[in-house]
Amino acid sequence: MTKEKLVVVGNGMAGIRTVEELLKLDSDKYDITVFGNEPHPNYNRIMLSPVLAGEKTVDDIILNSREWYAENGITLVAGDPVVEIDRVKCTVKTASGAKASYDRLLISTGSNPFIIPVPGHDRKGVIGFRDIADVEAMLHAAKNYKRAVVIGGGLLGLEAANGLMKQGMQVDVVHLLDSLMERQLDKAASALLKASLEQRGMNFLMEAQTAEILGDDRVTGVRFADGSEVAADLVVMAVGIRPNMALAQQAGLHCERGIVVNDTMQTFDPKIYAVGECVQHRNACYGLVAPLFEQAKVAANHLVEMGIARYEGSVTSTKLKVTGIDLFSAGEFNEGEGDETLVLQDPSQGVYKKLVIRDNKVKGAVLYGDTMDGTWYFTLLREGTDISAFRSTILFGQHDLGDAGHGDASASVMALPASAEICGCNGVCKGDIVDAISRKGLFTLEEVRAHTKASSSCGSCTGLVEAILAGTVGEGYDKAPSKKGMCGCTEHSHDEVIAAIQKGKLKTMQAVRDALDWKTPDGCASCRPALNYYLLANWPAEYEDDAQSRFINERAHGNIQKDGTYSVVPRMFGGLCTANDLRAIADVSDKYQVPEMKVTGGQRIDLFGVKKEDLPAMWKDLSDAGFVSGHAYGKAMRTVKTCAGKTWCRFGTQNSTGLGVKLEELTWGSWMPHKFKLAVSGCPRNCAEATIKDFGVVCVDSGYELHVGGNGGIKVRVTDLLCKVETEEEVLEYCGAFTQLYREEAHYLERTAPWVERVGLNHIKQQVLEDEANRKALYERFLFGQTFAQIDPWKARAEGAEAHEFTPLKIA
Amino acid sequence: MNNWIDIIALDEIPRLGSRVIRTDTMDVAVFRTRDDQVFALRDACPHKGGPLSQGIVHGTSVTCPLHNWKIDLASGEALGPDEGCTNVFATKVEGGRVLLALKADEAAA
Ligand code: SRM
Ligand SMILES: Cc1cc2nc3c(=O)[nH]c(=O)nc-3n(C[C@H](O)[C@H](O)[C@H](O)COP(=O)(O)OP(=O)(O)OC[C@H]3O[C@@H](n4cnc5c(N)ncnc54)[C@H](O)[C@@H]3O)c2cc1C
Ligand code: SF4
Ligand code: FES
């Protein structure tokens, strides 16, 4: 049987979502051909703003790769627009002359940015903000020019302005009216927004009417109706969009403001469907993805001839994607006659909430600064819930219902009904998410994204999805909200496993799995490394390390690279080295033909791209020259960064390098819950960056400040000051004690920063400062553990340990 | 017909571990489970070609060291939401020795 032919014109978000929905229902019905004007596969247009702001790359936002089209048997013609539809012969023709015939046609041509037709609007450097090409033009301008003018103070304009500012341009935003985002915000919220954007450096020209774009070839400025002018090297017009219906009009389809469709997404020609921003449905045109995705579902349903779905229009809500600004609005937020408004304002916290109420029902909401309850209000609004029962506390948010106001974020999300929409972009409800989590055993945000698509488009609901995850995974085991099984193999939490190992004197992995009813015979890639660490940390003398439970980096004592080779970083105590050290490294590099060397951020030298079978011989040479492993690959003590210090530096107060070496000699070789980094700075100028380390020392004239719980990396956290001590001996003792407390109490893969935040600095002070006997006992235990840990793994392997790991077998 | 090649003693593959067999055309990873089943896969993850031999073995699957895809040892298929597949080769254990069958077309591929 030959398949029917479906042709899709417009390779964008609505068109491809329709195809996805259709494939879900019936993947065999159609031979599908997709035509797209842009040269790219379908991407997430919403995320152009973060791409412009440098927070994401174009690759990050591709939704359907070319492989996806191929795998689903879809012919993609990208970069060749359709210029003609012949409804009699049922064919389409592209600019390059290619033709395709159809049994059903889907038009999803989106919309075009509206360019105000003032004199000079066609000069170089005047663009809209719609597609990848526009973003590329903006990024190019940001590299080569200084000043940008964005015309339009709506959602799109502000996101463009924010991005350009982040790219280093000086930005003026021109707005015709006296308040920003007037279609989404009331005046009060709009003023708050304006103030905080101004604080970030954005400049506003309000109530300014553009009269002319100045310049010769390229734009040089903008002139306004009142005769004033501003200079500009780039003008972005973001004053609105117009449904892209030229093609449909030319084909004689009935169009008004957009291509007119009925409730089944059909145009006036029954063979032709249309979805997305190009359509007009019951007199409304939409410019947000949520309604378009609903349309896509309906269109797909009819294309596979199931014929049961109807699209009846959508209510929409808005969020602004400017990192650091929380803003939500929905419904009719400017009160009309007879409406009541509830307002909560807390200027010092930058919070503003307003609800418009009519007949005891929420009609509109504007939230600024705290948008946690946006979803709840939006649900009340859409469902027309009578709020009289909780009207007096409604502004405090949903968690105020039901419990005495001490609910945590997850409790408030968990109180939402299953039908509450969490991810507006993809139309995923709470029930879908909870269902997927419990039935498929999901534990991470990534898994939830993979299975439900929630939080995978613009990402603004990530917090809610995480709260649902926390709430669902925590349920069923215990009432304590933080409790969560270590992994899919057990319902016991990290804390319970640690306690069982310590109190139950469990000393093998099998004993732990038996005692705690593991569900799998040998655990998984996530619990085995954790158990191995806990046993090692608690029973250093008795427990024998299990190589097969270590991540490859720790088994091969080097970082695995993307091509399967390894990197080698010899330890350089305190970052100090001699000419002989450098010579030895240079010799090794020659001998093993190391493709690249680099000075690391940890003040050492990295040799990249070493073949696994060469590692033992190379380590032997390094070991002969006096080097030990730098553990740059391990959940282990890493580096001690130092600065020049008193020996040389005119500001140095103590011997920071010497102390750094002593600290590294004390701690090297120690396995940790996560990586662990130290630094010693010779004075508060802090050249060794000690205040973002797990344990940092800042030398002062009268002694040493000890700082803990710092983190560079993904989420920067500045250390907390633990205390000040007077001698180097004390520094070593406190360091050992703090480290041991962390080794014994933290969860595997929890760095000191989150650990300190979880248990609180006070707890650490009690254990390490106030209880002297405890400090000494911790330090003793650390030293005891080190007698087993400070065996250089490189030397051991060079001498033959685990030889099988490094020797491949050959057959011809 | 399978052409069995004697490659190694079972004991020389660590339990819950692997060895790499290097042929002229590719690397093959030979895995041993906790209960001494032996499996062989082309040593290239269906995701981005990561060396599966270097992953952590659990049950009858291995977790790729590069981005944590889980691959079923028996079928070579990615598990969970990921999709993809790597080549599988037949193995058997006889008298404490591991035998591997590389089909001619695959070894030459
Ligand atoms: C080599 C080095 C980059 C360089 O050339 O400078 C490096 C390389 C890697 N870092 Fe790093 N980090 C290096 C210094 C840093 C620093 C700077 C520092 O230590 O002062 C940081 C920020 C400071 C911090 O950790 O607080 C840093 C924060 C990270 C993070 C984020 C950690 C976090 O808690 O947020 C990761 C990811 C992780 O550990 O999970 C990471 C992970 C990695 C890994 C191991 C990625 C991986 O798992 O494969 C990289 C291995 C590259 C390779 O293929 O060999 N690297 N990494 C640096 C080694 C220093 C050394 O001598 O050992
Ligand atoms: C910067 C930016 C930020 C946004 N932020 C948000 C947000 O936070 N939340 C939200 O809900 N929405 C947001 N939107 C809006 C959202 O992206 C759109 O509503 C959505 O992409 C519209 O989908 P569509 O398929 O109708 O159109 P598009 O995604 O524009 O797809 C139409 C495609 O058809 C192609 N095409 C046009 N004519 C032809 C032809 N003749 N032949 C072949 N191909 C053709 C176009 O090139 C285009 O690729 C944002 C939009 C932009 C530009
Ligand atoms: S920042 Fe670190 S983890 Fe990221 S690419 Fe560089 S070395 Fe790798
Ligand atoms: S290469 Fe295996 S998971 Fe990416």
Side-chain angles (χ1 to χ4, degrees), chain A residues 67-68 71 436 440-444 446-453 487-489 509-510 513 518-529 532 546-556 558-566 612-613 633 802-812, chain B residues 3 5-9 11-35 43-45 47-71 79-84 98-100 102 107:
Chain A
E67 289 82 66
W68 177 85
E71 278 161 18
K440 303 198 172 122
L442 310 185
F443 278 89
T444 65
E446 280 313 315
E447 288 171 342
V448 175
R449 283 183 179 149
H451 285 276
T452 67
K453 281 198 187 273
C487 66
C489 303
M509 242 184 264
Q510 195 55 48
R513 286 196 290 255
W518 237 247
K519 295 180 212 156
T520 47
D522 40 44
C524 69
S526 126
C527 62
R528 281 232 308 279
N532 191 52
D546 177 33
Q548 300 313 328
S549 295
R550 285 192 178 265
F551 180 62
I552 181 61
N553 284 356
E554 296 181 358
R555 206 159 75 226
N559 273 308
I560 194 167
Q561 318 276 274
K562 55 196 280 196
D563 65 354
T565 61
Y566 288 83
K612 195 177 184 190
E613 51 264 45
Y633 45 79
E802 313 258 350
H804 65 82
E805 179 74 51
F806 302 94
T807 336
L809 302 165
K810 296 207 170 63
I811 50 176
Chain B
N3 261 334
I5 315 173
D6 180 320
I7 48 169
I8 196 173
D11 289 347
E12 288 176 76
I13 310 175
R15 276 216 175 96
L16 296 176
S18 75
R19 294 297 299 265
V20 179
I21 314 291
R22 192 150 287 170
T23 73
D24 282 347
T25 50
M26 67 178 143
D27 285 357
V28 175
V30 181
F31 301 92
R32 177 179 177 193
T33 65
R34 172 189 170 91
D35 54 1
D43 196 10
C45 176
H47 178 218
K48 295 198 171 170
L52 297 173
S53 56
Q54 317 290 295
I56 289 182
V57 181
H58 43 94
T60 50
S61 39
V62 60
T63 296
C64 177
L66 293 197
H67 319 95
N68 292 333
W69 277 31
K70 248 197 263 169
I71 312 296
L79 299 170
D82 302 315
E83 279 171 27
V98 176
L99 306 182
L100 172 69
L102 294 173

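Quick note on labels: first sequence line is chain A, next is B, and so on, each numbered from 1.
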**Student:** In the structure I gave you, are the side-chain heavy atoms of A:Asp522 and A:Gln548 within less than 4.5 Å of one another anywhere?
**Tutor:**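 When only atoms from C-beta onward are counted, A:Gln548 and A:Asp522 do not touch, as no gap falls below 4.5 Å.
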
**Student:** So does A:Thr807 get a backbone contact from the side chain of B:Arg19, meaning a donor-acceptor N/O pair under 3.5 Å?
**Tutor:**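 Yes: the side chain of B:Arg19 pairs with the backbone of A:Thr807.
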
**Student:** Give, as side chain, backbone, both or neither, the part of B:Pro65 having an atom under 4.5 angstrom from any heavy atom of chain A.
**Tutor:**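 For B:Pro65, backbone and side chain are both near chain A.
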
**Student:** As a test of understanding, state which of B:Leu102, B:Leu99, B:Val98 forms a side chain to side chain contact (heavy atoms under 4.5 Å, CB included) with B:Ile5.
**Tutor:**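 Running side chain to side chain contact (heavy atoms under 4.5 Å, CB included) over B:Leu102, B:Leu99, B:Val98 with B:Ile5 returns exactly one hit, B:Leu102.
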
**Student:** Are there over 12 heavy-atom neighbours, none belonging to B:Glu83, within less than 6.0 Å of that residue's CD?
**Tutor:**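 12 or below, so no.
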
**Student:** Which bit of A:Ser526 comes within less than 4.5 Å of chain B, counting heavy atoms only: side chain, backbone, both or neither?
**Tutor:**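 Neither the backbone nor the side chain of A:Ser526 comes within 4.5 Å of chain B.
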
**Student:** Nearest 0.5 Å, please: how far is CG in B:Leu79 from CD1 in B:Ile71?
**Tutor:**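 Output value for this atom pair is 7.0 Å.
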
**Student:** Which atoms of B:Ser61 come close to chain A, meaning under 4.5 Å heavy atom to heavy atom: side chain ones, backbone ones, both, or neither?
**Tutor:**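 Contact with chain A involves no heavy atom of B:Ser61 at all.
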
**Student:** So for A:His451, is it side chain, backbone, both, or neither that comes closer than 4.5 Å to the heavy atoms of chain B?
**Tutor:**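 For A:His451, side-chain heavy atoms alone lie under 4.5 Å from chain B.
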
**Student:** If you compare all heavy atoms of B:Leu52 against all heavy atoms of B:Cys64, which two are closest, and at what distance to 0.1 Å?
**Tutor:**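 Closest heavy-atom pair between B:Leu52 and B:Cys64: CD2-CB, 3.8 Å.
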
**Student:** Angle between ring planes, B:His47 versus B:His67, binned at 30° and 60°: parallel, tilted or perpendicular?
**Tutor:**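 Perpendicular: the ring planes of B:His47 and B:His67 meet at over 60°.
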
**Student:** Can you tell me which portion of B:Ile8 sits under 4.5 Å from chain A's heavy atoms? Options are side chain, backbone, both or neither.
**Tutor:**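 The side chain, not the backbone.
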
**Student:** Step through the shown structure and confirm whether more than 12 heavy atoms of other residues, nucleotides or ligands are within 6.0 Å of NZ on B:Lys70.
**Tutor:**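 No - once you tally the heavy atoms of other residues, nucleotides and ligands closer than 6.0 Å, there are 12 at most.
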
**Student:** Could you look at A:Arg550 and say if it's the side chain, the backbone, both or neither that has a heavy atom under 4.5 Å from chain B?
**Tutor:**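 The answer is the backbone of A:Arg550.
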
**Student:** Tell me, side chain or backbone of A:Glu71 under 4.5 Å from chain B's heavy atoms, or both, or neither?
**Tutor:**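 It is neither, since no heavy atom gets under 4.5 Å.
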
**Student:** Is it the side chain or the backbone of A:Glu805 that comes within 4.5 Å of chain B heavy atoms, both, or neither?
**Tutor:**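 Answer is side chain: those atoms of A:Glu805 sit under 4.5 Å from chain B.
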
**Student:** Relative to chain A, which segment of B:Leu66 carries a heavy atom at a distance below 4.5 Å: side chain, backbone, both, or neither?
**Tutor:**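 When you check distances to chain A, only side chain atoms of B:Leu66 fall under 4.5 Å.
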
**Student:** Where on B:Val62 is there a heavy atom nearer than 4.5 Å to chain A: the side chain, the backbone, both, or neither?
**Tutor:**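 Contact with chain A: none, neither part.
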
**Student:** Shorter than 4.5 Å, heavy atoms on both sides: which option in B:Thr63, B:Val20, B:Leu16 has the most such pairs with chain A?
**Tutor:**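 Most pairs with chain A among the choices: B:Leu16.
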
